[in-house]
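A quick write-up on the structure given underneath.
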Amino acid sequence: MHNFEKLIFWQKSVSLAKQIYIICQEIHNDEKYGLVSQIKRSAISIPSNIAEGSGRNSNKEFNHFLAIALGSAFELHTQLILIKELHILEHEKINEIIQKVVEIEKMIYSFKNNLK
């Protein structure tokens, strides 16, 4: 069992999820139940799957949940690109968040490979 709260990429993904919730307040109401809902789910899924996997009985199971978290990070990354391309929010703000997502993706990927 791993202590997920000590994992830097879990800490960063919690911070990212909070930031996603804050920027979602700026998105127009017509997107509240579409894109916004999906973005929030993707953002929450990242730290949640890291935490769930850390409590499993084996590194193999943990690795599986890290793969899910990584998939959610890529899903969020795609959704943020779409927000940027649709000009729903400022490009600078979205680019900053995308950079954070990419950093988390790399950290999860690296940890996942070292866990094998």
Side-chain angles (χ1 to χ4, degrees):
M1 187 162 80
H2 298 266
N3 184 348
F4 66 89
E5 291 178 286
K6 290 185 178 180
L7 298 171
I8 304 261
F9 56 91
W10 177 84
Q11 295 168 7
K12 287 181 178 281
S13 64
V14 168
S15 176
L16 173 68
K18 291 189 308 190
Q19 190 172 11
I20 291 296
Y21 264 76
I22 291 167
I23 67 153
C24 281
Q25 294 173 351
E26 299 175 28
I27 296 176
H28 301 292
N29 284 335
D30 59 335
E31 287 295 338
K32 290 289 183 202
Y33 298 104
L35 194 53
V36 167
S37 177
Q38 190 62 39
I39 290 168
K40 286 179 176 180
R41 281 195 302 271
S42 297
I44 292 169
S45 177
I46 301 167
S48 297
N49 278 291
I50 294 166
E52 184 173 356
S54 73
R56 295 299 173 139
N57 294 325
S58 70
N59 283 348
K60 182 179 178 182
E61 287 181 291
F62 190 17
N63 203 314
H64 171 74
F65 281 92
L66 289 173
I68 295 169
L70 187 58
S72 294
F74 282 112
E75 185 179 354
L76 177 61
H77 190 157
T78 300
Q79 293 156 353
L80 292 169
I81 289 170
L82 184 58
I83 283 178
K84 186 168 89 170
E85 290 185 3
L86 292 172
H87 304 284
I88 293 174
L89 292 173
E90 294 175 27
H91 281 243
E92 287 180 26
K93 187 178 288 189
I94 294 302
N95 285 337
E96 174 190 319
I97 296 170
I98 288 173
Q99 287 174 353
K100 291 179 182 181
V101 174
V102 169
E103 179 185 21
I104 291 167
E105 290 167 350
K106 290 177 181 177
M107 293 175 85
I108 294 171
Y109 183 80
S110 177
F111 187 85
K112 192 175 165 340
N113 282 342
N114 289 328
L115 193 61
K116 289 183 181 179

query: Can you find a heavy atom in the side chain of Asn49 that is under 4.5 Å from one in the side chain of Leu66?
result: no
query: Mind checking whether His87 and His91 have parallel, tilted or perpendicular rings, split at 30° and 60°?
result: tilted
query: Quick check: does any side chain N or O of Ser110 sit under 3.5 Å from a backbone N or O of Lys106, one acting as donor and the other as acceptor?
result: no
Whether Asn63 side chain and Asn59 backbone form a donor-acceptor pair below 3.5 Å: no
message: Per the ring pair (Phe, Tyr, Trp, His ring centres under 6.0 Å) rule, what does the pair list look like for residues 92-116, sequence neighbours excluded?
response: Phe9-Phe111, Phe62-Phe111
With Gln11 via side chain to side chain contact (heavy atoms under 4.5 Å, CB included) - residues at least two apart: Ile8
query: When rounded to the nearest 0.5 angstrom, what is the spacing between CD in Gln19 and NZ in Lys93?
result: 9.0 Å
message: Can you list everything that forms a side-chain hydrogen bond (donor to acceptor under 3.5 Å, both in side chains) with Ser72? Sequence neighbours excluded, please.
response: Ser45
message: Show, in sequence, the C-alpha distance, side-chain angles and deciding distance for Gln38 and Glu75, and conclude whether the side-chain contact (heavy atoms from CB on, under 4.5 Å) test is met.
response: CA-CA 9 Å; Gln38 190 62 39; Glu75 185 179 354; 2.5 Å; yes
field: Name of the residue among Ile88, Ile81, Ile23 meeting side-chain contact (heavy atoms from CB on, under 4.5 Å) with Ile94
entry: Ile23
task: State the NZ-CD distance between Lys100 and Glu96, to the nearest 0.5 angstrom.
output: 4.5 Å
- prompt: Is there a path from Leu89 to Val101 through hydrophobic residues (I, L, V, M, F, W, Y) whose side chains come within less than 4.5 Å of each other?
  reply: yes
field: Partners meeting side chain to side chain contact (heavy atoms under 4.5 Å, CB included) with Ala51 (sequence neighbours left out)
entry: Phe4, Trp10
- prompt: So, do Val102 and Ile98 sit near enough that their side-chain heavy atoms are less than 4.5 Å apart?
  reply: yes
message: Less than 4.5 Å apart, side chain to side chain, heavy atoms only: is that true for Arg56 and Glu52?
response: yes
field: In one Ile/Leu/Val/Met/Phe/Trp/Tyr side-chain cluster, 4.5 Å: Ile83, Leu86
entry: yes
- prompt: Quick one: are Glu90 and Glu26 in side-chain contact, heavy atoms under 4.5 Å?
  reply: no
- request: Would you give the length of the straight line joining atom CD1 of Ile44 to atom OG of Ser13, rounded to the nearest 0.5 angstrom?
  value: 11.5 Å
task: Report whether Ile97 and Leu35 are members of the same hydrophobic cluster (ILVMFWY, side-chain heavy atoms less than 4.5 Å apart, transitive linking).
output: yes
message: The criterion is salt bridge (charged side-chain N to carboxylate O under 4.0 Å, His left out); which residues satisfy it with Lys84, sequence neighbours excluded?
response: none
field: side chain to side chain contact (heavy atoms under 4.5 Å, CB included) partners of Lys40, counting only residues at least two apart
entry: Tyr21, Cys24, Val36
query: Do Phe74 and Ile68 belong together in a cluster built from hydrophobic side chains that touch within less than 4.5 Å?
result: no
- line: The reported gap from NZ in Lys12 to CD in Glu103 (rounded to nearest 0.5 angstrom) is 4.0 Å
field: Pairwise distance CD1(Ile104) to CD1(Ile108) - rounded to 0.5 angstrom
entry: 6.5 Å
query: Taking all atoms of both residues into account, what is the closest heavy-atom pair of Gln79 and Ser42, and its distance?
result: OE1-OG, 3.2 Å
task: Look at the side-chain heavy atoms of Ile, Leu, Val, Met, Phe, Trp and Tyr, link any pair under 4.5 Å apart, and say whether Leu16 and Phe65 land in one connected group.
output: no
